[in-house]
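Written below as structure tokens is the structure these notes are about.
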Amino acid sequence: MSSWFSRFYEYILSLFWSSEMDITLLGLQNAGKTSLLRVLGGGEFTSDSIPTIGFSMKRVRKGRVTIKCWDLGGQPRFRSMWERYCKGVNAILFIVDSADPATLQIARMEFEALVSKPSLEGIPVLVLGNKNDLPEAYDVDSIIDIMNLKSVDDREVSCYSISAKESVNVDAVLNWLVSKSN
Amino acid sequence: MSYKKNEDLDSGPGGSVMDKMTVFQDCIAGFNSSPIQPRRCRGLLTKLAYLLSTGDTFARDESTTLFFSITKLFQHKDIALRQMVYLVIKELAQNADDVIMVTSSIMKDTTVSSDVVYRPNAIRTLARIIDASTIQAIERLMKTAIVDKHPIVSSASLVSSYHLLPVSRDVVRRWTNETQETVLAQKMFPQYGGGISGPTPSFTTQYHALGLLYQLRSHDRMALVKMIQQFSGASGSLKSPAAVVMLIRFVARVIDEDRNLRRPMYALLEGWLKHKSDMVNFEAAKTILEMKDVTDEEAFPAINVLQLFLSSPRFVSRFSAIRILNRFAMVRPQNVNVCNIDIESLINDSNRSIATYAITTLLKTGNEASVDRLMKQISGFMNDISDEFKIIVVDAIRSLCLKFPAKQASMLSFLSGVLRDEGGYEFKRAVIEAMFDMIKFVPESKQDALSYLCEFIEDCEFTKLAVRVLHLLGEEGPSTPQPTKYIRYIYNRVVLENSIVRAAAVTALSKFSVIEDEAVQESVKVLLRRCLDDPDDEVRDRAAMALRLATVPIPVAKGYLAPDAVPSLGVLEQQLILYVTGGPDAASVAFDISTVPFLTKDQVDADNFRAKVSSTMPSIGSSLDSGAESGAKGSRASPAGGLHEDSTQAYAAALAKIPELQVFGAVVRSSAAVALTESETEYGVTCVKHLYKAHLVLQFDIDNTLKDTVLEDVSVIASPSEDFFEEQFIITLPKLGPESQGTVYVAFTRPEGEYETASFTNTLHFISKELDPSTGVPDDTGYEDEYQIEDLELGVGDFLVPTYVGNFQHMWDQLPYEASETYGLEGVSSLSDACASVIESLSLQPLEGSELPLQAATHVLKLFGRTVQGGKVSALVRMAYSVKSGVTLKITAKSEEEVVAPLVAAAIA
Ligand SMILES: Nc1nc2c(ncn2[C@@H]2O[C@H](COP(=O)(O)OP(=O)(O)O)[C@@H](O)[C@H]2O)c(=O)[nH]1
Ligand SMILES: [Mg+2]
């Protein structure tokens, strides 16, 4: 009887206190989306991550918030499908490989195409320059420049420099996400 | 466990039909809502699955939208929901775009622990969405799943691999070791017996693994034989009877393809006759009886086993046994009649299908005396069996008419009886076909059969059948003693029927206007004139045409109404197809009907007779390769409808196009193709012998099976053993590419009007050039080479054309010249083998069903035909068989031309 009651009590509490949110992880292939998600969920970083074909979905809990993360494939053939999974999400994480200058220009173009979609208007975006453990990585200001983030004025845009591998700024990402739950 | 009826499925109050668009809208809304309600979503998915599986389809964009909204459900962990998701994605996969999107999500689910219920579903769905560009990504996962300890997981991945073959055979081939291991692993399901009421444990995974292994190795005969040896071994590594049955099908294929392996393979089959599973016994027996030219000794043990099953208490065993025996009785009644007593006891079996097979088998194996009794028996329950079985009965009766013409009266009354019964189109068609046969081949039955048919069209609901009967009445009616009787029946149709039947009736009527009797001619004209007012154009036109023909002399009119020769329809169709698909060039000239050979009535009858007799033979070969492999072979200038058309007609059109050969005139006779090489040599050669009036042309069809060699300047040197044959010219083949076919012709003169035989030794000559493996370009320098092929015989049979005759005895008595010879045939182990080889070497038509010996000890074979000059020739072959001395036979030949009888009698040497 008492265990039944305590379960019921927790359930009532959860109705008032817990909340769910949806976010998507976007970015070119090999930027580190899947690795970051594993680390966000409390997992170990592994260097033999296989490319995501299509999407994969993972729940991450932070306090009373459950974050449903949609990790999308970055290959060109999947980019046209990003929009379908971004409609109605609470936030978008856009991850770039800050140590690979060759891909940053393409990343900027994909980013601009994304934020110009009317259906995604107003959704807050967090741009992450990943792999800052590598010596050749650009710092956060360079990323802001290269990605031309200052020109976005119709929504909240933030930018962090992180490392999924060394867990640098991963908590900051989580906190930013939780702040977007409603 | 109890099931509650799922109320959600009967949509809406009042049980109205589920509306597709409503379901679509509900799904989109339900799957995109947050949070997900798993129960509600499962209900929606069930509705969707119901619609998809009952034939409803969604447009491509709708399917795609549905698919993407379903992918949102991956956020919920509910196991039952996930299972439903997979079932529906599998259905939608073919019809939606970008389904590749769920790959990573599914891959996660395929690596969960074995007992998660949806893991097999995930694997099966994965196979449906994967494409050639992503299959590598799932390779490791599939290999692991194939060898998973859980049989359901293992089976799911094996069956999925099967479906992946068309996506990438090469990748799947790399899983051979895992598949092989799984055949041997003997995974039992359910693993723990399943309780008292549960299913009996089985080893079905083994069956799935073996099937896949075959697909991976079937291209390689040696590997296949090894596989058979391995799995048929004494260790008995196959526990699943279904797997053994499949292995037997592989054995059947090997026996069919390689004579040398027949003995060891047969030994395996014989062993399986004693297997503890009856499924295996049946498959082994069936395979033995379907072997090409199975000998009496080989057939015996199989028949023995089937005989035991005939008295089994289980319906399904009795049914399977009698069905296999029935098929075998169609070709070899003499081997089945040892079972007659057991089959007799099945006549009254409470299962009508078994009874039907029993009776039709006895009709084949029994003697003439039992026919009446059996027919009475079967009439007793014709009304209780399905049309499909009625057709089996009618077919049996039909072939019986040809065998025992003396029984025609009772068979005919049986047929007319069932014609009055209820029945569908196919059944009625079978009955009137049988009657048509009797009219053609059993002349005594003609009058009565025609009357029954007249009665039939008075009340016939099938337009097609009425038209056929009217056509027949037009063909046969005018030559009967009382043609006016048919005129009345035909005219009734003009008054009472739809326009298609009316038109057919007018044509039939017009054929009576060429009867040499003025009173009849006048009355036909009166009737035709009435048809000129018919509301239908076609009917009026036909009547007008017929009336116009009534004003010309009768022989001229006959040319239109009842021509002596008709075009060979097979060739005509072929030529017309060439003509209409030939582009604007071909269409600028009129179609040339002279390229189509014309057949006399005699020839058409003989062809039909042959087709009838052979169509009652069961077809051999199981459907082993129907799935993943399709065997489209390159076509060449060969007879179109091999069975139905005399080969001469089919070749004629092709030969007529070769200018060098045109001067020889028309082909008189073309032989069947003879193989001059073993199968599977570098070069395959077959030869067709074409006889002209004073020439002989040998057509060598050459198949270069090498992948990397071109042949140039290909010719054949054919040296005759007799010098009456003088070589005229060779039409060589300038170039024969790798893995392609071509033809060389060698022309000789031959003594006109004579029947000189000879043998030819043949050598293939050519320049061989290898292809550079990297560029595919042939080397500049080739080398000259020759290749010995087998000798070719031009025998008496090549001068004879099988022909049908209705009354053998009458014809036999008329022929003036006679000769006979006696032979002992060693190495021939049964009378049916002897019959087959005599028929083949003489090339004459077997009559009265005499190609199938009924007794094992003695038999008389009756043959008839014409020479290429048109003279009649007939042979009566008496044969006797004993184990000690083999087959002894005496050929008595009679002919119209003096020289022919002795030649035929001596032809067997
Ligand atoms: N050095 C370094 N490598 C990383 C980091 N994050 C990911 N990687 C590597 O980058 C590659 C691609 O990562 P993945 O998560 O599959 O990228 P995705 O295609 O965006 O999902 C992998 O080899 C990872 O090991 C990081 O923070 N530092
Ligand atoms: Mg990824």
Side-chain angles (χ1 to χ4, degrees), chain A residues 11 14-26 29-30 33-35 37-38 41 43 46 48-61 64-91 119 180-182, chain B residues 28-29 31-38 61 63-78 81-82 85 89 93 96-112 122 125-142 144 167:
Chain A
Y11 170 70
S14 72
L15 284 186
F16 291 100
W17 290 101
S18 82
S19 67
E20 281 196 340
M21 64 182 293
D22 285 284
I23 64 132
T24 50
L25 288 92
L26 306 180
Q29 68 273 26
N30 205 45
K33 300 179 289 297
T34 307
S35 304
L37 183 50
R38 189 176 294 121
T46 57
D48 58 347
S49 163
I50 55 163
T52 309
I53 306 173
F55 78 91
S56 130
M57 196 273 159
K58 194 176 164 76
R59 285 159 177 265
V60 171
R61 284 181 82 123
R64 294 213 179 272
V65 183
T66 301
I67 312 170
K68 292 183 284 174
C69 305
W70 303 83
D71 170 20
L72 289 151
Q75 266 105 359
R77 66 186 296 198
F78 302 124
R79 291 180 202 157
S80 62
M81 259 107 46
W82 287 351
E83 187 186 359
R84 284 184 185 272
Y85 290 88
C86 290
K87 278 182 209 154
V89 296
N90 302 67
S119 68
K180 296 297 168 287
S181 77
N182 37 29
Chain B
I28 303 296
F31 303 157
N32 284 309
S33 68
S34 184
I36 299 285
Q37 296 170 276
D61 56 335
S63 296
T64 308
T65 309
L66 274 172
F67 168 78
F68 276 101
S69 59
I70 292 171
T71 66
K72 300 278 167 71
L73 299 178
F74 275 98
Q75 63 181 284
H76 207 286
K77 288 206 199 71
D78 186 277
L81 174 64
R82 188 66 59 88
V85 163
I89 289 183
D97 294 321
D98 299 318
V99 290
I100 197 78
M101 220 36 210
V102 281
T103 311
S104 271
S105 304
I106 301 185
M107 282 168 68
K108 260 204 221 154
D109 278 356
T110 58
T111 50
V112 294
T125 307
L126 191 58
R128 293 280 178 209
I129 58 146
I130 218 77
D131 61 24
S133 66
T134 40
I135 188 166
Q136 261 103 347
I138 66 163
E139 206 179 330
R140 216 182 47 206
L141 168 170
M142 288 298 288
T144 318
V167 177

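Heavy-atom basis, side chains included; hydrogens, waters and symmetry copies ignored. Naming: A, B, ... by sequence-line order, numbering from 1 per chain.
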At what distance, to the nearest 0.5 angstrom, does [atom1] of [X] lie from [atom2] of [Y]?
{"X": "A:Arg59", "Y": "B:His76", "atom1": "CZ", "atom2": "NE2", "value": "6.5 Å"}
{"X": "B:Thr71", "Y": "A:Met81", "atom1": "OG1", "atom2": "CE", "value": "10.0 Å"}
{"X": "A:Asp22", "Y": "B:Gln75", "atom1": "CG", "atom2": "CD", "value": "6.0 Å"}
{"X": "A:Ile53", "Y": "B:Ile130", "atom1": "CD1", "atom2": "CD1", "value": "6.0 Å"}
{"X": "B:Ile100", "Y": "A:Phe78", "atom1": "CD1", "atom2": "CZ", "value": "6.0 Å"}

Quick check for you: among B:Ser105, B:Ala137, B:Ser69, B:Ser34, which has the greatest number of heavy-atom pairs under 4.5 Å with chain A?
B:Ser105
Quick one, [X] and [Y] - any side-chain contact, counting heavy atoms below 4.5 Å?
{"X": "B:Met107", "Y": "A:Ile50", "value": "yes"}
{"X": "B:Asp98", "Y": "A:Arg77", "value": "no"}
{"X": "A:Phe55", "Y": "B:Val102", "value": "yes"}

Whether over 12 other heavy atoms sit under 6.0 Å from B:Gln37 CD
no
May I ask you to check if B:Lys72 and A:Tyr85 form a cation-pi contact, with NZ or CZ under 6.0 angstrom from the six-membered ring centre and within 45° of the axis?
yes
Shortest non-hydrogen separation from B:Ser104 to A:Pro51 and the atoms involved
OG-O, 4.4 Å
Segment of A:Arg84 engaging chain B (4.5 angstrom heavy-atom cut-off):
both
